[in-house]
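The structure under discussion appears below in the form of structure tokens.
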Amino acid sequence: MADLLWDDVKCFLDPDLMGSLSDVRVPDASVHNWQDVLDLVVERGWKCQYSEGETVLPLPCAEAALSRPADAECPNLRVWLTADVLAIFRFSSDEEIDFEVDLRELQGQERLDVLCGFLREIGRRLGKPVLMDPEGVCGHPVLGFDVEADRVVLLAEPLVR
């Protein structure tokens with residue numbers, strides 16, 4: 001059974017309303033949590049690409065990715081959940097796991113299920129909420145993994161019915 005139904009959440013996945021790149025975050029994280037996410041990516045066999053600036057490198061441990069000179073570019077990790085659904089993690093802080101998803105890639109129930117499955121796997125692994133905010137609007141999640149409910153839930157009232 002689907003965590004969320006497309007008709008109930010499509011307004012939150014509309015790039016024209018929410019911006020094309022939604023921000024997803026796990027607050028109150030640690031280096032250990034980052035490592036858990038990296039381990040999950042490897043265990044699940046998701047295609048991924050780690051880079052620092054334009055340089056593609058082998059996937060490091062979380063501590064190495066997070067410890068860089070202040071003037072260095074923020075490393076990122078591209079994770080393909082499917083051939084055409086991408087999550088881009090940014091190693092900007094060890095206190096929050098931060099990644100983006102492109103709403104243009106998340107249209108329809110099948111793609112929504114892919115996103116929900118990904119958020120659920122991260123949330124279960126970490127035992128923490130995974131929150132999705134509209135682009136550039138941190139602190140106002142519209143949906144996310146709820147640890148108590150053990151599923152992805154709606155966290156805001158739909159904008160359009």
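Starting from 1, each residue takes its place in the sequence as its number.
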Check for a donor-acceptor pair, side chain of [X] on one end and backbone N or O of [Y] on the other, with a separation under 3.5 Å.
| X | Y | result |
| --- | --- | --- |
| Arg120 | Asp3 | no |
| Glu105 | Leu86 | yes |
| Lys128 | Ala29 | no |
| Trp34 | Ser93 | yes |

Cluster link [X] to [Y], ILVMFWY, side chain under 4.5 Å:
| X | Y | result |
| --- | --- | --- |
| Leu57 | Leu38 | yes |
| Met18 | Leu131 | no |
| Trp80 | Val114 | no |
| Val85 | Leu4 | yes |
| Leu119 | Ile88 | no |

Take Glu110 and Trp6, measure what side-chain contact (heavy atoms from CB on, under 4.5 Å) needs, and give me the verdict at the end.
-> CA-CA 9 Å; Glu110 184 178 322; Trp6 174 251; over 6 Å; no
How many angstroms lie between atom [atom1] of [X] and atom [atom2] of [Y], to the nearest 0.5 angstrom?
| X | Y | atom1 | atom2 | result |
| --- | --- | --- | --- | --- |
| Glu43 | Asp36 | CD | CG | 9.0 Å |
| Glu135 | Asp102 | CD | CG | 9.0 Å |
| Glu73 | Glu54 | CD | CD | 7.0 Å |
| Gln35 | Asp94 | CD | CG | 13.0 Å |
| Leu112 | Lys10 | CG | NZ | 12.0 Å |
| Arg111 | Leu103 | CZ | CG | 12.5 Å |

Where do [X] and [Y] come nearest, in terms of heavy atoms and distance?
| X | Y | result |
| --- | --- | --- |
| Leu77 | Cys48 | CD1-CB, 3.8 Å |
| Leu126 | Asn33 | CD2-O, 3.5 Å |
| Ser92 | Cys74 | N-SG, 3.6 Å |
| Tyr50 | Pro58 | CD2-O, 3.7 Å |
| Pro141 | Ala156 | O-CB, 4.0 Å |
| Ser22 | Pro134 | OG-CA, 4.2 Å |

With a 4.5 Å heavy-atom cut-off, do [X] and [Y] have their side chains touching?
| X | Y | answer |
| --- | --- | --- |
| Ile122 | Ile97 | no |
| Arg78 | Ser51 | no |
| Asp150 | Phe145 | yes |
| Leu154 | Phe12 | yes |

Just do the side-chain contact (heavy atoms from CB on, under 4.5 Å) check on Trp46 and Leu40 with the steps written out, would you?
-> CA-CA 9 Å; Trp46 286 312; Leu40 179 64; 3.9 Å; yes
Within a reach of under 6.0 Å around CD of Gln49, are more than 12 heavy atoms found that belong to other residues, nucleotides or ligands?
-> yes
Heavy-atom count around Glu148 CD within 6.0 Å, excluding the residue itself: above 12?
->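 At most 12 heavy atoms, drawn from other residues, nucleotides or ligands, come within 6.0 Å of this atom.
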Salt bridge flag under 4.0 Å for residues Asp133 and Arg25 = yes
Working for side-chain contact (heavy atoms from CB on, under 4.5 Å), residues Leu5 and Gln109 | CA-CA 7 Å; Leu5 297 177; Gln109 186 67 50; 4.2 Å; yes
Can you list the steps and then say if Leu13 with Met132 is a side-chain contact (heavy atoms from CB on, under 4.5 Å)?
-> CA-CA 10 Å; Leu13 299 175; Met132 188 172 105; 3.4 Å; yes
